[in-house]
Amino acid sequence: MYNSRWFMRIGTIGFNLLILNILWILITIVGLGVFGLFPATVALFSVTRSMIINNDYEKVIKKFFTSIKENWLEANLLGYLFSLILFVLYFNIKVIHLIEIRLLYVSVMSVTLIVGVLVIISFAYVFSVFVHFKFKWWRYPKYALILTIAKPFNTILLILLLVLVLYLYYIVPPLLFLQGMGLIVYIIMKIASFSFPKN
């Protein structure tokens with residue numbers, strides 16, 4: 001009976017992630033990417049949080065569209081703030097390549113890459129923080145960064161699991177369509193939930 005319950009739960013999670021992944025793709029396309037990507041991603045995190053934190057697997061489609069409606073503006077502001085930061089880092093790397101002094105080049109590039117890694121991981125965490133807490137939208141990056149640095153074991157575990165999933169998508173391409181962002185977001189939200197205060 002116990003194994004049967006776990007089998008049913010895994011099957012339900014897998015089916016919900018399939019539905020959510022399709023919705024994420026459709027909303028991103030309908031929103032022409034620039035208007036749909038971040039709201040769809042926040043909605044994906046929001047529904048996934050409900051599955052993980054509240055064990056609520058019902059009405060995922062309704063919850064997805066409700067989240068888009070409620071968070072469209074803040075999701076885009078947050079997403080494009082991080083996009084701007086990533087663009088600045090990319091531009092900095094291009095400029096750093098012009099440095100001819102070897103020691104200075106290595107030092108500046110090392111610092112920039114470390115900052116870049118922290119920003120990318122914080123970007124992965126920021127939507128988890130967004131759907132779990134209520135702050136002003138510009139405060140979420142700070143808390144995502146704190147989560148990244150304060151929980152190094154979780155961060156390392158997250159990186160390893162994401163690399164494993166991406167490799168799995170590479171060797172079994174159909175999984176990318178079947179689970180895609182759904183599974184990636186589920187893993188991020190699950191790891192992030194370990195650091196959230198327990199009710």
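Keep in mind that the numbers below use all heavy atoms, side chains included, and drop hydrogens, waters and symmetry copies.
Between the S46 side chain and the A43 main chain, no donor and acceptor come within less than 3.5 Å of each other. A donor-acceptor pair is defined here as one N or O able to donate and one able to accept, closer than 3.5 Å; such a pair exists between the side chain of Y140 and the backbone of F135. When atom types are taken as modelled, the side chain of S67 and the backbone of K63 share no donor-acceptor pair closer than 3.5 angstrom.
For the atom pair CD (E58) and CG (N16), the distance works out to 8.0 Å, reported to the nearest 0.5 Å. Interatomic distance, CG of L113 versus CD1 of I96, reported as 7.5 Å (0.5 Å rounding). The CE atom of M109 sits 8.0 Å away from atom CD1 of I99, with the distance rounded to the nearest 0.5 Å.
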Which is it for M189 and V47 under the side-chain contact (heavy atoms from CB on, under 4.5 Å) test, yes or no, and what are the steps along the way?
-> CA-CA 10 Å; M189 192 70 230; V47 180; over 6 Å; no

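Aromatic ring centroids of F133 and F196 lie under 6.0 Å apart. Residues F130 and F45 keep their aromatic ring centres 6.0 Å or farther apart. Ring centers of F38 and Y80: under 6.0 Å apart, within the cut-off.
Note on L86 and L81: same hydrophobic cluster, where clusters join Ile, Leu, Val, Met, Phe, Trp and Tyr whose side-chain heavy atoms are under 4.5 Å apart, directly or indirectly.
Annotation for Y90: atom OH does not count as buried by contact number, only 12 or fewer foreign heavy atoms lying within 6.0 Å.
Under the side chain to side chain contact (heavy atoms under 4.5 Å, CB included) rule, M181 has a single partner from L23, L176, I25, N21, which is N21.
Taking the six-membered ring where the residue is Trp, F87 and F91 present parallel rings, their angle staying beneath 30° rather than reaching 60°.
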When the side chains of residues 114-127 are checked against the rest of the protein, which donor-acceptor pairs come out under 3.5 Å, sequence neighbours left out?
residue : atom : partner : partner atom : Å
S122    : OG   : L118    : O            : 2.7
S122    : OG   : T148    : OG1          : 3.4

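For S195 and N154, the side-chain atoms include at least one donor-acceptor pair closer than 3.5 Å.
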